[in-house]
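Structure, as structure tokens:
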Protein chains: 2
Amino acid sequence: MYERKILPNLNCGLDLIGEVLYGKWKLRLLWFIHEGYKRPSELQRKIPDASRRVLNIQLNELEAHELVEKKIYPVVPPKVEYSLTEFGQTLIPIISAMGNWGDEYEERLREVILKQL
Amino acid sequence: MYERKILPNLNCGLDLIGEVLYGKWKLRLLWFIHEGYKRPSELQRKIPDASRRVLNIQLNELEAHELVEKKIYPVVPPKVEYSLTEFGQTLIPIISAMGNWGDEYEERLREVILKQL
DNA sequence: ACAATAGGGGAAAAATTTCTCCCTATGCCA
DNA sequence: TGGCATAGGGAGAAATTTTTCCCCTATTGT
């Protein structure tokens with residue numbers, strides 16, 4: 001486990017939300033779980049560019065932050081399902097708005113992002 | 001300048017918005033500029049935990065992504081003012097919603113964030 | 001002459017995040 | 001028997017981001 005050497009800033013609301021959403025794949029993880037992709041392997045298939053390892057780590061963080069819940073079925077092969085907590089649900093409108101914004105300005109965004117490599 | 005070795009994912013709206021908002025201080029930079037703190041030194045005072053260097057770097061990125069505009073006054077000592085572009089303005093409702101969410105759940109967030117160090 | 005001001009950037013170090021590789025375990029199927 | 005699927009975690013490397021330190025501009029005031 002990595003130990004932070006610099007404490008996070010928790011001064012304002014933006015700091016706080018940043019702390020739980022900051023992570024390369026977290027927005028999409030939350031979104032896909034919200035869409036009903038519950039099992040780790042499904043999520044990995046939805047986000048093939050992420051390594052399996054980081055997805056696990058970020059799922060653990062989301063769980064520690066009480067945004068998602070994990071249900072482990074004691075079967076073999078193992079079965080695990082994630083779902084949004086009530087708390088996690090409250091983020092959905094925001095994530096949805098973010099996705100919509102990105103979709104709305106897709107072309108422009110692609111352009112400015114690629115322009116600066 | 002750092003050269004990416006891994007290309008960013010630009011598959012969906014969430015990827016795209018992530019690409020322009022991902023950066024430790026960007027949300028707050030945009031927010032403070034929106035609130036009228038325009039000069040680099042003002043922004044640095046508003047965000048004292050960030051090093052001056054990164055703020056410059058992230059401001060440059062926001063500018064490259066056309067979210068903010070930079071006006072340089074040819075005077076001595078130098079004077080620079082940032083402002084949101086029209087495009088940048090369109091993000092304000094989202095950033096505002098994010099800040100509100102963080103404020104609303106401030107206590108709970110502080111708790112879960114600190115619990116896992 | 002020298003400090004203060006305001007803005008900016010290079011280089012290298014430190015911090016952090018993400019990736020790769022390898023190992024665990026069980027049951028099903030060819 | 002060998003290989004696949006499912007889930008997860010450790011170690012260490014690689015990639016990326018952020019910090020630290022130092023230097024440069026030009027004018028005004030001491």
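Quantities reported herein were computed from a predicted structural model and do not represent experimental measurements. To find a chain, count down the sequence lines: A is the first, B the second, and so on, and within it residues start at 1.
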What is the distance from [atom1] of [X] to [atom2] of [N], rounded to the nearest Å?
X: B:K71; N: C:dG7; atom1: NZ; atom2: P; result: 16 Å
X: A:I57; N: C:dT20; atom1: CD1; atom2: P; result: 13 Å
X: A:I47; N: C:dC19; atom1: CD1; atom2: C1'; result: 15 Å
X: A:W25; N: C:dT16; atom1: CH2; atom2: C1'; result: 16 Å
X: B:E63; N: C:dG9; atom1: CD; atom2: C1'; result: 15 Å
X: A:L29; N: C:dT17; atom1: CG; atom2: C1'; result: 15 Å
X: A:L21; N: C:dT17; atom1: CG; atom2: P; result: 14 Å
X: B:L55; N: D:dT17; atom1: CG; atom2: P; result: 16 Å

Who passes side chain to side chain contact (heavy atoms under 4.5 Å, CB included) against B:K79, sequence neighbours left out?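 By the side chain to side chain contact (heavy atoms under 4.5 Å, CB included) rule, B:K79 matches B:R39, B:Y73, B:V75, B:E81.
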
Please check: side-chain N/O of B:Y22 versus main-chain N/O of A:K24, any donor-acceptor pairing under 3.5 Å? yes

Counting only N and O atoms by type, is there a donor-acceptor contact under 3.5 Å from the side chain of B:R28 to the main-chain atoms of A:D15?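 No, the answer is negative, given that no donor and acceptor are paired below the 3.5 Å cut-off.
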
Here's a test of your reading of the structure: between A:S51 and A:K5, which maps to the more 5' nucleotide of DNA chain C?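 Checking each residue's closest nucleotide, the 5'-ward one belongs to A:K5.
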
Can you list the steps and then say if B:H65 with B:E19 is a side-chain hydrogen bond (donor to acceptor under 3.5 Å, both in side chains)? CA-CA 10 Å; B:H65 291 151; B:E19 199 57 34; over 6 Å; no

I'd like to compare against my own output: the B/S/- annotation of nucleotides 5-13 of chain D with a strict under-4.0 Å heavy-atom distance to protein. -BSBSBB--

Categorize B:Y73 for me: base, sugar-phosphate, or nothing, with a 4.0 angstrom heavy-atom threshold over every strand shown. nothing

What contact category does B:Q58 fall into here, base, sugar-phosphate, or nothing, at under 4.0 angstrom with non-hydrogen atoms?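 Sugar-phosphate, backbone atoms only, no base.
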
In terms of relative ring orientation, are B:W101 and A:F87 parallel, tilted or perpendicular, with 30° and 60° separating the classes?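 If you compare the ring of B:W101 with that of A:F87, the planes turn out parallel.
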
What class does the angle between the rings of B:F32 and B:Y37 fall in, given that below 30° is parallel, 30 to 60° is tilted and above 60° is perpendicular? perpendicular

OP1 or OP2 of C:dT18 versus the side-chain N and O atoms of B:Y22: is any pair under 4.0 Å?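 True: B:Y22 side-chain N/O within range (under 4.0 Å) of C:dT18 OP1/OP2.
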
Is B:K24 near enough to D:dT18 that one of its side-chain N or O atoms lies under 4.0 angstrom from OP1 or OP2? no

Taking for each residue the nucleotide of DNA chain D bearing the nearest heavy atom, is the 5' side occupied by B:D49 or by B:R4? B:R4

If the threshold is 4.0 Å, N to carboxylate O, is there a salt bridge linking B:E42 and B:K46?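 Answer for the salt bridge query: no.
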
